[in-house]
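The structure appears right after this line, and notes come after that.
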Amino acid sequence: MRTCNRFLVFPGLVLAVPALAVELPPVPLERVQVQAAKVHAVDDFDLPASSTTQALDTDGNGRGAQVSEVLGAVPGLLARDRQNYAQDTQLSLRGFGARSTFGVRGVRLLVDGVPATMPDGQGQLSHFNVFGADRVEVLRGPFSALYGNSSGGVLQLWSAEGQQGDPWRLRSSHGSNNSSSTGVQLKGLAGAMHYNVAANHFRTDGWREHSAARRESVNARLGFDLAAGQRLELLFNGFDAPHAQDPLGLSREQVNPRQATAVATQYNTRKSVRQTQLGTVYSAEHDQQTWRLMGYAGRRAVEQFLAIPPGPQNSPLHSGGVIDLDSDYGGVDARWAWHGQLAGKPLELVVGANADRQQQHRTGYENFIGDTLGIKGRLRRDQQDRVQNIDQFAQAWWQFSPRWSALLGARHSDVQFRSRDRYITATNPDDSGRRDYSATTPVAGLVFRASDDLRLYASAGRGFETPTFNELGYRADGGAGLALDLPAATTRNYEIGGKWRAQSGARLELALFRADSDDELAVATNSGGRSSYRSLGATRRQGAELSWQQPIAADQQLQLAYTWLQASVRAAYLTCTGLPSPCTQPSNRVAAGTRLPGVPRQQLFARWQWQPGPWQWAAEVVAASDIGVNDLGSANAAGYGVLNLELARQWATAHGPLRAFARVDNLLDQPYIGSVIVNDGNQRYYEPGPDRGFTVGLQWQWAR
């Protein structure tokens, strides 16, 4: 393959603090709804945290099938489309979550204020309906600990609120690999109901062999204005992805990037996911107080066929080559916010508690019957798993002088895991068990208001992250039952930074950060789609993030996001990586200073957009340096840089604007590795990115 081994970017940033002869007046606060565990009556600009809000333009030119398409401009965030819809987008923040073999962990996910992360810390992005969304909010650094069981950060997707006169929207696109996406959005105001209902259908034959997929999703947000100051929102989310084919990873020697691993077709590796979720949010505001009560419930069903040969499944303790999971989950969140003064200075206070519960029925089956492979056979595992948490939190923001403000907070979490084994035989003993985790995570930050357009800040805090059920699911020694001996990871986070904005719309943000973790989990073995984990001790992530938006004249804009991240092991340890599975005695030494796998040292996103009249032109550059693929640091995927182009044209019609758009991804047809499978036991680490691809489409906004 032709590859770009690495790229180097050395951005410079100078934050000048002007000398001021007079005291600055207190910041006037606009009253808005308190969201999550953040005091949102305070603008993000005045918070001691790295927070990015990415507006989702209704005129976007991508396929709209995955949230990764709209996250490139967020520094510190890595969202990789795996070209494998049987596995979720690879998402990490400041290196947290990079080792996840599927799903999202280490990052807290929410949709319209409702958790999309389960109580055990495992989340999914697949049901994020981008088509009907208004914005994405990403919080990084110490204050993400106030959202509970996560360490790396928080990602929230918010749907637009329907208003009087909003147009309805129909959008359809077609692209390379026989990919198509069709979406419809109904949004507006009907009486006292604000409504936004968006549905999307996506299908593709896949860029790689054996990677065809189909997805249907619907998201609805209904808001009702009740009595003065009171509001009720009803939320619904549905997702269905049947039989998404899994091409698996490739080894270094498999040079044809479009091929699937031979066993993928032999065992017809695939995954089916279906999820439905309901939520309700009630808020009331009176004088200086706001009350908010949220409740939600959902069900998620997953069936996955793995490429495990019949031989290993003959072991009495083996759980088979088919995973079948049915999860029922739900929770409540109650909080009270007060807006007032302390010693004559503005004060915002939030106090609350939440409880969540997940009940999971995990079964395993053989993936063969006789000589026929890739079908469900005999039962080999049957257990009932439950996890629940009860958390309490408090947070206060105080502007104690015209130039200075402070944000303090703490959260206490109790998380309980329970497993009841229902598959007990003469050769398979009872593997029932339980494990409890608890932690208190304090955070604190200071902001200095250097001028109306410049803020400097510093913050520090602790994070807490339990193993997920997926990480507890298999023991590294090959035994049956959950790996209930795994500890919870703790993290100490530090950050300093600056934020600048101008009347012209220009924005510049810089953050320097460090996160030291203890008892972090790493993949012990990863083979046949099954991963087991172990604690690797001490790690460190430190680096810098730069974000810059610059209007150019009246019809052009430049956007830049750059991340430098050094993620490494702080203390040497022994690993099973590179040894036969199962491994009961780790003997390969990982030296202190070894890079953590799955984390590029540098990444860059740059976008230039020009909009003369009804036309729109845009060019994007997406680049990342090389990335390690195993704990030993003995193999890596080379860095890359790709160029994407967009073109759109809009026409006015009697019933609303009609827009045609086209996009070319990887214009220069650069071969590259788009994502990696960390510590794959067969050394099939690599998931190639697509070659040059095309998308064309039409969108009509019906003005009613």
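- Contact check on Arg570 versus Asp518 returns a salt bridge, with a Lys/Arg side-chain nitrogen under 4.0 Å from an Asp/Glu carboxylate oxygen.
- The shortest heavy-atom contact between Gly409 and Leu146 is C-CD2, 3.9 Å.
- Between the side chains of Asn219 and Asn237, at least one donor-acceptor pair of N or O atoms lies under 3.5 Å.
- Gln289 and Trp336 are linked by a side-chain donor-acceptor pair at a separation below 3.5 angstrom, with hydrogens and angles left out of the test.
- Side-chain contact between Val281 and Leu232: absent, with no pair of heavy atoms (C-beta onward) separated by less than 4.5 Å.
- Within the 3.5 Å criterion, the main-chain N or O of Ile308 finds a donor-acceptor partner in the side chain of Gln313.
- Checking Asp324, Asp326, Asp382 one by one against His361, the side chain to side chain donor-acceptor pair (under 3.5 Å) holds for a single residue, Asp382.
- At a threshold of 4.5 Å between non-hydrogen side-chain atoms, the residues Tyr329 and Asp356 do not count as touching.
- With a 4.5 Å cut-off on side-chain heavy atoms, Gln304 and Val273 do not count as touching.
- Between the side chains of Asn129 and His127, no donor-acceptor pair is found at a separation under 3.5 Å.
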What's the verdict on side chain to side chain contact (heavy atoms under 4.5 Å, CB included) for Leu47 and Leu407, showing C-alpha distance, side-chain angles and the deciding distance? CA-CA 7 Å; Leu47 292 177; Leu407 184 59; 3.9 Å; yes
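- Note on Arg292 versus Asp333: salt bridge recorded, some NZ/NE/NH1/NH2 to OD/OE distance being below 4.0 Å.
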Salt bridge (charged side-chain N to carboxylate O under 4.0 Å, His left out) between Arg274 and Glu303, intermediate numbers included: CA-CA 9 Å; Arg274 176 173 291 178; Glu303 183 183 58; over 6 Å; no
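- Taking the centre and axis of the six-membered ring of Phe513, the NZ or CZ atom of Arg140 falls outside the cone set by 45° and 6.0 Å.
- Counted by atom type alone, Asn493 and Arg541 present zero donor-acceptor pairs between their side chains at under 3.5 Å.
- Without hydrogens or angle criteria, Ser144 side chain to Leu139 main chain gives no donor-acceptor distance under 3.5 Å.
- Between Asp421 and Arg381, no side-chain nitrogen of the basic residue sits less than 4.0 Å from a carboxylate oxygen of the acidic one, so the salt-bridge criterion is not met.
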Working for side-chain hydrogen bond (donor to acceptor under 3.5 Å, both in side chains), residues Gln416 and Asp414: CA-CA 7 Å; Gln416 300 176 345; Asp414 289 298; over 6 Å; no
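- Residues satisfying the side-chain hydrogen bond (donor to acceptor under 3.5 Å, both in side chains) criterion with Ser272, sequence neighbours excluded, are His243.
- Ion pair Arg270/Asp246 not flagged as a salt bridge, since none of the NZ, NE, NH1 or NH2 atoms sits closer than 4.0 Å to an Asp/Glu carboxylate oxygen.
- Atom CG in Asp516 sits 4.0 Å away from atom CZ in Arg540 (nearest 0.5 Å).
- Considering all non-hydrogen atoms of both residues, Thr441 and Gly463 come closest at CG2-C, 4.0 Å.
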Evaluate the side chain to side chain contact (heavy atoms under 4.5 Å, CB included) criterion for residues Phe128 and Val111: first the C-alpha distance (whole Å), next the side-chain angles of each, then the deciding distance (0.1 Å), finally the verdict. CA-CA 7 Å; Phe128 275 39; Val111 179; 3.3 Å; yes
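- Across all non-hydrogen atoms, the minimal contact from Ser327 to Gln358 is OG-NE2, 3.7 Å.
- Of the possible polar contacts, none joining the Arg380 side chain to the Gly320 backbone as a donor-acceptor pair under 3.5 Å is found.
- Heavy atoms only, all atoms of each residue included: Leu596 and Ser568 are closest at CG-N, 3.8 Å.
- Looking at Gln122, its side chain never comes within 3.5 Å of a backbone N or O of Phe469 through a donor-acceptor pair.
- A salt bridge does not link Glu495 to Arg514: none of the charged nitrogens lies less than 4.0 Å from a carboxylate oxygen.
- With contacts defined as side-chain heavy-atom distances shorter than 4.5 Å, the pair Ser675/Tyr685 does not qualify.
- When each of Thr440, Thr491, Thr490 is tested with Arg462 by the rule side-chain contact (heavy atoms from CB on, under 4.5 Å), just one qualifies, namely Thr490.
- The main-chain N or O of Ser159 is found under 3.5 Å from a side-chain atom of Asp112 such that the two form a donor-acceptor pair.
- With Asn682 contributing its side chain and Arg684 its backbone, the two residues share no donor-acceptor pair below 3.5 Å.
- Residues Arg105 and Thr466 bring no donor and acceptor atom of their side chains to less than 3.5 Å of each other.
- Side-chain contact between Leu446 and Pro48: absent, with no pair of heavy atoms (C-beta onward) separated by less than 4.5 Å.
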Go through the steps for Val302 and Lys271 under the test side chain to side chain contact (heavy atoms under 4.5 Å, CB included), then give the verdict. CA-CA 7 Å; Val302 178; Lys271 184 178 181 181; 3.7 Å; yes
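- Asn367 contributes a side-chain N or O that, together with a main-chain N or O of Leu306, makes up a donor-acceptor pair within less than 3.5 Å.
- You'll find the side chain of Asn389 stays beyond 4.5 Å of the side chain of Asn149, heavy atoms only.
- Put simply, CG on Leu521 and CG on Asp519 are 8.0 Å apart, with the number rounded to the nearest 0.5 Å.
- Listed by chain and residue number, nothing satisfies the salt bridge (Lys or Arg N to Asp or Glu O under 4.0 Å) test with Arg420 (two or more places apart in sequence, or in another chain).
- For the atom pair CD (Glu687) and CZ (Arg80), the distance works out to 10.5 Å, reported to the nearest 0.5 Å.
- Panel note: side chain Glu520, backbone Ser517; no donor-acceptor pair is recorded below 3.5 Å.
- Note that the CG atom of Leu248 and the CG atom of Asp680 stand 8.5 Å from one another [nearest 0.5 Å].
- Although no hydrogens or angles enter the test, the distance criterion places no donor-acceptor pair under 3.5 Å between the side chain of Arg108 and the main chain of Gln156.
- A distance of 4.0 Å separates CZ of Arg300 from CD of Gln124, quoted to the nearest 0.5 Å.
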Criterion side chain to side chain contact (heavy atoms under 4.5 Å, CB included) on Val447 and Tyr457, from CA distance to verdict: CA-CA 4 Å; Val447 176; Tyr457 69 90; 3.9 Å; yes
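- The minimum heavy-atom distance linking Asp631 with Pro597 is given by the pair OD1-CG, 3.6 Å.
- We find that Lys376 and Glu366 are not joined by a salt bridge, their nearest charged nitrogen and carboxylate oxygen being 4.0 Å or further apart.
- Remark: the backbone N or O of Leu109 is paired with a side-chain donor or acceptor of Thr117 at under 3.5 angstrom.
- Of all heavy-atom pairs spanning Pro115 and Met294, the tightest one is CD-CE, 3.7 Å.
- A distance of 13.0 Å separates CZ of Phe239 from CD of Gln277, quoted to the nearest 0.5 Å.
- Note that Arg386 lies outside the cation-pi zone of Phe417, set by a 6.0 Å cut-off to the ring centre and a 45° limit from the axis.
- Counting heavy atoms from C-beta on, the side chains of Ser413 and Phe464 come closer than 4.5 Å.
- Inter-residue side-chain proximity for Thr53 and Asp44 is flagged as met; some heavy-atom pair is nearer than 4.5 Å.
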